[in-house]
2 protein chains.
Amino acid sequence: MKPATIRDVARRADVSVASVSRVLTGAGPVTDATRKRVMEAVEALQYVPHSGARSLSTSKTSTVGVILPDLYGEYFSELIRGMDLAARALGYHLIVSSSHDDAEEASAAIRSMRGRVDGLIVLSPHLGAANLAGSLAGRLPVLLMNAGADAGRPSIVVDNHGGAVAAVEHLIATGRRRIAHIAGPTGNLEAEARLAGYLEAMAAAGLPTTVVDGAFTKASGHEAGVQLAAMATRPDGVFAANDNMAIGAMLALQEAGVRVPEDLAVVGFDDVPLAGLVHPGLTTLRINIAEMGRSALERLVKLIQSAGAADADAACEVVRPQLVVRPSTNPATQNPTRASRASAAAAVPLPEGENP
Amino acid sequence: MKPATIRDVARRADVSVASVSRVLTGAGPVTDATRKRVMEAVEALQYVPHSGARSLSTSKTSTVGVILPDLYGEYFSELIRGMDLAARALGYHLIVSSSHDDAEEASAAIRSMRGRVDGLIVLSPHLGAANLAGSLAGRLPVLLMNAGADAGRPSIVVDNHGGAVAAVEHLIATGRRRIAHIAGPTGNLEAEARLAGYLEAMAAAGLPTTVVDGAFTKASGHEAGVQLAAMATRPDGVFAANDNMAIGAMLALQEAGVRVPEDLAVVGFDDVPLAGLVHPGLTTLRINIAEMGRSALERLVKLIQSAGAADADAACEVVRPQLVVRPSTNPATQNPTRASRASAAAAVPLPEGENP
DNA sequence: GTGTGTCATGTAATCGGTTACAAGGAAACT
DNA sequence: AGTTTCCTTGTAACCGATTACATGACACAC
């Protein structure tokens with residue numbers, strides 16, 4: 001028993017398919033009598049329009065694709081959440097496709113989106129992917145995220161450089177001088193911008209630099225923390241290129257008997273929900289991730305709706321991270337009392353739902 | 001400049017559309033000469049097949065829809081990750097649609113999937129949604145998750161009852177007697193099953209019960225923790241209906257000066273990544289969430305591919321959670337040394353990617 | 001030379017909608 | 001009554017692919 005088509009409905013209501021379509025889409029004039037007959041037939045046959053077919057004739061899918069390198073962790077889950085929220089509100093659907101680390105795979109994924117989506121959001125933290133998106137998507141509107149300052153294409157990027165400078169300046173302001181950096185993976189544009197910001201800010205302050213390699217994972221942060229703890233002249237401040245590594249490093253340091261923040265202050269980047277919950281709470285540069293996702297989707301939809309109109313919204317929106325100070329750098333709250341801890345929690349409300 | 005269609009390619013290669021289709025799909029016989037000509041035309045025109053059109057004629061979309069109540073937090077993000085992984089491997093795409101708390105909205109979401117997907121995975125923690133899925137999806141294969149033991153439909157459910165019993169028995173085994181329960185939201189089938197398991201296990205042991213209300217959020221757990229700490233005869237053990245609440249409660253208890261696990265042991269449910277990182281590490285019932293997502297998707301695809309064939313895989317697969325003991329209930333590791341904390345971390349490897 | 005089998009190719013129907021255009025009917029006007 | 005106008009409805013083309021079936025060419029056997 002196959003699902004009913006618009007022709008079945010037309011036959012049953014004894015009208016033409018055009019009339020059924022008009023009733024269902026709300027476009028075009030119909031008398032109340034026919035409308036009623038059509039609705040009854042729809043009801044009786046449990047008819048639901050076939051969106052695939054509709055897409056084909058209107059060349060609109062009301063769907064956007066999201067191409068991600070990966071889907072692990074809170075960063076991307078928050079991002080998707082924000083996008084999904086905006087998508088619902090605008091009547092769009094979301095196709096997610098992740099785990100595209102290498103360019104070849106990402107290219108295939110983009111290609112397979114043709115005819116399935118009206119536009120794409122591409123997160124490409126690696127070099128070259130930006131070009132990819134442009135060349136492969138045909139005439140699909142594409143919004144780039146985290147792709148470095150790729151001029152000439154609509155994009156949203158985080159001010160990684162500025163954030164890193166702010167992190168270092170904060171550490172200096174709290175009296176730290178021997179400040180190390182735990183870097184992200186090479187080739188990742190965001191990691192490189194954060195490193196550059198660190199180097200620049202240190203140079204500006206006339207301080208010597210120390211860089212330890214990392215890979216954006218908690219494990220790599222832990223490893224870096226072990227190295228830092230074992231150094232002859234141990235740093236008294238660390239700026240990690242993301243929260244995950246900062247948290248990993250903090251654990252390693254504490255295991256080695258180094259007190260945070262008394263002996264060594266730690267700053268992360270991103271403000272993932274976890275950052276406010278670890279002990280001590282992590283000072284970090286907050287990006288409102290969900291909000292960024294929402295904004296990205298809304299912008300893409302705007303691009304889609306104004307497609308063709310070359311009023312060229314090729315702007316590169318810059319999101320400026322905001323410094324959130326928590327006990328990991330603030331000796332004033334080094335032994336968090338009940339009050340201070342509670343207030344820290346209150347200051348950083350976590351998005352939460354009724355998950356089991 | 002519109003993207004090229006199969007007819008453009010055919011014209012340019014001076015063959016029929018049928019031949020182009022045969023070359024591109026790999027089906028049907030073609031000489032090397034025509035294949036070459038077609039490929040050249042494809043290359044020259046940058047042709048990419050329109051998957052929407054292809055779907056219409058083959059009535060296959062290679063896409064599955066996932067209907068979620070919400071997208072917050074690690075539980076669902078892990079679930080989606082598992083599904084996405086499996087989907088890629090099987091050549092499927094994933095449409096996610098979340099935030100459907102009320103039945104009406106969920107029903108609309110399911111309806112809008114017609115013609116867009118080949119099958120659906122529906123997570124319906126609330127009563128009635130199960131029926132919904134059945135009645136609304138037309139003849140789409142549907143896989144239910146967490147919908148209670150809804151016989152007669154393919155589904156995957158967690159053995160919440162059994163897990164709850166295990167949690168209580170573990171607390172009893174470690175010498176606790178005054179064991180309270182922080183319940184999940186009423187109406188949520190999973191929460192109710194966990195509550196029932198708690199009540200039953202306590203009754204079996206001849207112990208009195210205490211139930212505090214919660215809502216599966218960290219905040220509600222915190223509130224419950226405050227209540228517990230203030231009780232005249234304070235419990236010496238707590239089983240929370242999920243990790244989020246357990247963590248919230250643990251924070252509240254510590255703020256009130258109650259030592260965990262010495263004064264009071266805490267057990268959660270789910271084993272979200274965070275559970276192994278809080279202090280003290282949280283004993284919990286582990287569900288391999290990503291794995292469950294993967295398995296769900298694979299099963300749905302199997303359903304799709306064998307559609308029609310009424311060999312009726314209407315089985316209800318049961319996932320049994322596994323007790324993971326961490327310091328929150330184990331006084332032996334109450335002051336975690338470096339070694340013990342490191343081993344705890346090692347025992348619970350976290351999935352991690354290169355997120356910024 | 002004719003018959004037959006094989007195999008590559010082309011033609012046209014089809015999937016399930018939307019919509020331009022034509023046509024029909026009733027109301028309103030002269 | 002005849003004509004104009006407006007409004008509803010129907011017919012059929014179209015979106016971009018797949019594919020059943022028909023066709024034509026060629027080789028081989030008789």
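Order of the sequence lines fixes the chain letters, A, B, ..., with proteins taken first and strands second; residue numbering starts at 1 for each chain.
By the side chain to side chain donor-acceptor pair (under 3.5 Å) test, S55(A) pairs with no residue at all, sequence neighbours left out. Applying the salt bridge (charged side-chain N to carboxylate O under 4.0 Å, His left out) rule to K36(A) yields the partners E40(A); only residues at least two apart in sequence or on another chain are considered.
A 4.5 Å side-chain heavy-atom check between L68(A) and I80(A) finds at least one atom pair inside the cut-off.
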Cut-off 3.5 Å, no hydrogens considered: what does the side-chain donor-acceptor table look like for residues 8-17 of chain A, sequence neighbours left out?
residue	atom	partner	partner atom	Å
D8(A)	OD1	R11(A)	NH1	3.4
D8(A)	OD2	T5(A)	N	2.8
S16(A)	OG	A18(A)	N	3.3
S16(A)	OG	S19(A)	N	3.3

Atom pairs and distances, donor-acceptor, side-chain atoms in residues 21-28 of chain B, under 3.5 Å, two or more places apart:
residue	atom	partner	partner atom	Å
T25(B)	OG1	S21(B)	O	2.8
T25(B)	OG1	A27(B)	N	3.3

Give every pair of a protein N or O atom and an N or O atom of nucleotides 22-24 of chain D that lie under 3.5 Å apart, one pair per line with the distance.
none

### Summary
For nucleotides 9-21 of chain C, 5' to 3', base contacts (B), sugar-phosphate-only contacts (S) and non-contacts (-) with protein non-hydrogen atoms under 4.0 Å give BBBB--BBBBB--
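At least one donor-acceptor pair under 3.5 Å links the side chain of S51(A) to the backbone N or O of R114(B).
Look at E298(A) and R294(A) and you find a salt bridge, because one of the NZ, NE, NH1 or NH2 atoms lies within 4.0 Å of a carboxylate O, short of that distance.
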